[in-house]
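The chains referred to below are lettered A, B, ... by the order of the sequence lines, with proteins before strands, and numbering in each begins at 1.
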Amino acid sequence: MRDTLKNDLSCALLDWYDRHARKMPWRVGPADRAAGVIPDPYRVWLSEVMLQQTTVAAVRDYFTRFTVRWPTIQALAAAPDDQVMGEWAGLGYYARARNLLKCARVVTDQYDGVFPDTYDTLLKLPGIGPYTAAAISAIAFDRPETVLDGNVERVMARLYDIHDPLPGSKPLLNDKAAELTPTVRPGDYAQAVMDLGATICTPKSPTCGICPLRDPCQARAAGTQPDLPRKLPKKPKPTRFGHVYIAQRTDGALLLERRPDRGLLGGMLGWPGSDWSEVPVESPPFAADWQVLAGEVRHTFTHFHLILRIWTAPLPVDMALDDLIVMEKHAFRPSDLPTVMRKAHDLWRNR
DNA sequence: GATCCGTGGAT
DNA sequence: TATCCAAGGAT
């Protein structure tokens, strides 16, 4: 009976996916896969890391730029750190980019450039956790692993009308998802559940009327689907303040810093500045007649709001400062900056 | 288990 | 404007 239900559900989902799979630059669609096209594990891995907590729309252009610039994992492994961090700038969660490079170098050096295919081996690699290990194993190698991301959590919570709040209900949701994972076409199936969650079984206003699982869905029968999955309340975000300092030489060169590898915006390029706190201390990188710009930069991170004041001064010739970078005009790209630093740059340029 | 870690779009 | 939240991982 359970097998029958499982087969009905997974077949309904695969059938829906065959007809409605979204096109994505990294995806080997059901028709291509059926025709024998084998996914490139490098592209599957890169896309899955980019997609961690990030929307498909935001990832698209980044994925294209990365794969044009670094078509293979060996090419990526050989890239200088600052080029990769610059290409990742704006996408957020910069630890992903640092771990991406670590992982590329491990696979290149220790696995001869060949991605491992098992969940347990993938899980040991930098930046690959339970979700991504299962996703790569299933999507790139068509192994019957169960992916559990936000989409699958939502689909399972509704399908079985589970009211226990996340994250405590995660093991139960994982059990439900694992029960449904078929041994045939597990890669397509993993993408089918996630596509369903992303397009039909959405967080708000799910379109149950056209859902391939509308009949067996227990939440829909109970009318509870808009309230699922339940989640524990989140903490409010405090507001912090800070100062940043933009100094430019008459030839256009700029004073920048490479942020330490750990912590917020780790490894990224930025403007020197104060700590970000309730009452920041003005801390210019060198003594000068600093002028504060009109306006301010407002930015919201994962766990706090930030309001920055921007100061500017001429950068003397031959100025050299510990841990700071004098970047020539031709070498500076605003797109290499994380978004909050690019906002400061834009305010300064439009002064 | 709780906290930290970005960003932009939708509502 | 405020909140949610998106194909999560590391510590």
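- Side-chain polar atoms of A:Ser274 and A:Ser283 form no donor-acceptor pair below 3.5 angstrom.
- Side-chain N/O atoms of A:Thr302 and base N/O atoms of B:dG6 include a donor-acceptor pair closer than 3.5 Å.
- In terms of phosphate contacts, A:Lys235 brings a side-chain nitrogen or oxygen within less than 4.0 Å of OP1 or OP2 of B:dT3.
- The residue A:Arg27 sits close to a base: some heavy atom pair falls under 4.0 Å.
- For the pair A:Arg96 and A:Leu91, the minimum side-chain heavy-atom distance is below 4.5 Å.
- At least one side-chain nitrogen or oxygen of A:Gln53 sits closer than 4.0 Å to the OP1 or OP2 atom of C:dG8.
- Protein atom CD of A:Glu153 is 10 Å distant from nucleotide atom C1' of C:dG8, rounded to whole Å.
- Each of A:Phe304 and A:Ala57 has a nearest nucleotide on DNA chain B; the 5'-most of these lies closest to A:Phe304.
- At a threshold of 4.0 angstrom between heavy atoms, the contacts of A:Gly90 are confined to the sugar-phosphate backbone, with no base atom among them.
- Following rounding to the nearest Å, A:Leu264 (CG) and B:dG6 (C1') show an atom-to-atom distance of 8 Å.
- Between A:Asp227 atom CG and C:dC5 atom P the separation is 12 Å, expressed in whole Å.
- At C:dA6, none of the side-chain N or O atoms of A:Tyr93 fall inside 4.0 Å of OP1 or OP2 (strictly under the cut-off).
- Side-chain N/O atoms of A:Thr54 and base N/O atoms of C:dG8 include no donor-acceptor pair closer than 3.5 Å.
- A:Pro167 comes within 4.0 angstrom of nothing in the nucleic acid, heavy atoms only.
- Protein atom CZ of A:Phe301 is 18 Å distant from nucleotide atom C1' of C:dC5, rounded to whole Å.
- The phosphate of B:dC4 (OP1 or OP2) has no side-chain N or O of A:His303 nearer than 4.0 angstrom.
- Relative to the six-membered ring of A:Phe304, A:Lys237 misses at least one condition, a distance below 6.0 Å or an angle of at most 45° to the axis.
- Residue A:Met24 has its side chain nearest to C:dA7 when only C:dA7, C:dA6, B:dT7 are considered.
- A:Tyr62 has its ring centre no less than 6.0 Å from the ring centre of A:Trp88.
- Pairing of B:dT3, defined by two Watson-Crick or G-U wobble distances under 3.5 Å, is identified with C:dA10.
- Between A:His345 and A:Phe332, the distance separating the two ring centers is shorter than 6.0 angstrom.
- Nucleotide C:dC5 has B:dG8 as its partner under the Watson-Crick or G-U criteria, with both atom distances under 3.5 Å.
- Counting to the nearest Å, the P atom of C:dA7 and the CZ atom of A:Arg96 are 13 Å from each other.
- Comparing the P positions of B:dT3 and C:dA7 gives a spacing of 24 Å, expressed to the nearest Å.
- With C:dA7, B:dT7, C:dC5 as the choices, the nucleotide that has an atom nearest any side-chain atom of A:Lys231 turns out to be C:dC5.
- Here the two rings, on A:Phe301 and A:His299, have centers that are under 6.0 Å apart.
- A:His299 has a side-chain polar atom (N or O) that falls below the 4.0 Å cut-off from OP1 or OP2 of B:dT7.
- For the pair A:Arg105 and A:Asp81, the salt-bridge criterion is met [side-chain N within less than 4.0 Å of a carboxylate O].
- Under a hydrophobic-cluster definition in which Ile, Leu, Val, Met, Phe, Trp and Tyr are linked whenever side-chain heavy atoms come within less than 4.5 Å, directly or via other members, A:Trp16 and A:Val28 are assigned to different clusters.
- Put simply, A:Thr339 has a side-chain N or O that comes within less than 4.0 Å of OP1 or OP2 on B:dG8.
- Taking atom CG of A:Leu166 as the reference point, atom P of C:dA6 lies 10 Å away to the nearest angstrom.
- For the pair A:Lys237 NZ and B:dT7 P, the computed distance is 12 Å after rounding to whole Å.
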For residues 109-118 of chain A, tabulate all N or O donor-acceptor pairs below 3.5 Å that involve a side-chain atom, not counting sequence neighbours.
unit_1	atom_1	unit_2	atom_2	d
A:Thr118	OG1	A:Thr121	N	3.4
A:Thr118	OG1	A:Thr121	OG1	2.6

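- Rounded to an integer number of Å, the gap from NZ of A:Lys204 to P of B:dG9 is 16 Å.
- Here A:Arg298 lies out of heavy-atom contact (under 4.0 Å) with every strand.
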Extract from the structure each pairing of a protein N or O with an N or O of nucleotides 9-11 of chain C at less than 3.5 Å, listing the distance.
unit_1	atom_1	unit_2	atom_2	d
C:dG9	OP1	A:Gly129	N	2.9
C:dG9	OP1	A:Gly129	O	3.4
C:dG9	OP1	A:Thr132	N	2.9
C:dG9	OP1	A:Thr132	OG1	2.6
C:dG9	OP2	A:Pro130	N	3.4
C:dG9	OP2	A:Tyr131	N	3.2
C:dA10	OP1	A:Gly127	N	2.6

